[in-house]
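Presented below is the structure to which this report refers.
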Amino acid sequence: METVVSGIRPTGELHLGNYFGAVKNFVKMQHESNCYFFIADYHSLTTHPTPGDLQGNVKRVLINYLAAGLDPEVCTLYIQSDVPEVTELYLLLNMNAYMGELQRVSSFKEKARKQPDNINAGLLTYPTLMAADILLHKALKVPVGKDQEQHLEMTRTFANRFNRMYNVEFFPEPLAYNFGSQLVKIPGLDGSGKMGKSEGEGNAIFLSDSTESIRKKMMKAVTDSGPTVENQEKPDAIQNLFTLMQVVSDPETYTFFDEQYNGCKIRYGDLKKQLAVDMDRFVAPLRERIEALENDNDYLRKVMRQGAEKARESAIKTVSEARHIIGFRSY
Ligand code: TYM
């Protein structure tokens, strides 16, 4: 059976971008492949070196994963730092990762711009740690959103380089994967780029948001003064709202508002109200399951322990083989 690996950083609650870009695919893939899904807590230190509540943040993501439908009896669900073998593979891969190629990665350039006082080595080598996560289990498919495409390309580079340098066929080439074929980018509510926790307050709808909070955020979403010519192209901020509608609303609702827009009859207040209702309808069962899991610490601990054990089995095997290939031998 094909192996699948993916992870999410514990920098806050999961939002609809995480869900539609990644978790929705995790839920489907767990029944078809040998899946490893983890919480990338080491990675979160690249931007949050002194996290206020790392344990709490990890717990939130674990609960979100379970609420979304990941079944720890079906897939392997673990915390990155519970599988320390990944750090050894990271070290080995770093020996063959070059400064120039790491500096050219767009996520590095963007983060370096955002945090000029903390351009740390972990930030630069973020893609090698991510490659280690994936290669640790020799994954072939990696369900991620569009923003991770370049990291996957780097993973393939590192895998191929390792094979070439040591003259082996050890690591397979993993591909970024989405069930609906194309990788997706879920837009945020601020009229510009993608939905994300770091893009500012109110830009993201979280899986645990209340009805009221969803309504408030939707009402503040950026729009414009409306179309003046029939069938005119939608500017980014408006297109974003339609894209969100495409994922949470019925097709008839989408068509209705699309026709209203094309006929210059649209009222953005109505569109936002409808989106808030549809988002709430989507999020409600998730929110309920999140609340139900919040105090079940015994269960959560059991899930983490069991996941770490399963993940370490495959990690130990890969790392000991990689050590052997490079030439490490004990006397
Ligand atoms: P992270 O934590 O930023 O996001 C987790 C997943 O959610 C997807 N995502 C989105 N997809 C579509 N639209 C959006 N607005 C949106 N926002 C987030 C991301 O593409 C990602 O799939 N580097 C990774 C974490 C990671 C990882 C890995 C992933 C570490 N090691 C190994 C896969 C395999 C990250 O920062 O994702």
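All residue numbers in this chain count up from 1 along the given sequence. Worth saying up front: this structure is predicted, and the values here are computed from it rather than measured. Remember, it's 1-based here, ligands and their atoms both numbered in the order they're listed.
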- Query: Can you get from Leu70 to Val4 by hopping between Ile, Leu, Val, Met, Phe, Trp and Tyr side chains that sit under 4.5 Å apart?
  - Reply: yes

- Thinking salt bridges, do Asp209 and Arg287 make one under a 4.0 Å N-O criterion? no

- Message: To the closest 0.5 Å, what do you measure between CE (Met154) and CZ (Arg104)?
- Response: 8.5 Å

- Query: Under a 4.5 Å cut-off applied to non-hydrogen side-chain atoms, are Lys220 and Lys272 in contact?
  - Reply: no

- Query: Around ligand 1, what residues show up once you keep those with a heavy atom under 4.0 Å from it?
  - Reply: Ser6, Gly7, Ile8, Arg9, His15, Gly17, Asn18, Gly21, Ala22, Phe38, Ala40, His43, Tyr126, Met130, Asp133, Ile134, Val142, Val144, Gly145, Asp147, Gln148, Val184, Lys185, Ile186, Lys194, Met195

- Is Lys234 positioned over the aromatic face of Tyr261, cation under 6.0 angstrom from the ring centre and no more than 45 degrees off axis? yes

- Distance from Thr76 atom OG1 to His137 atom NE2, nearest 0.5 Å? 7.5 Å

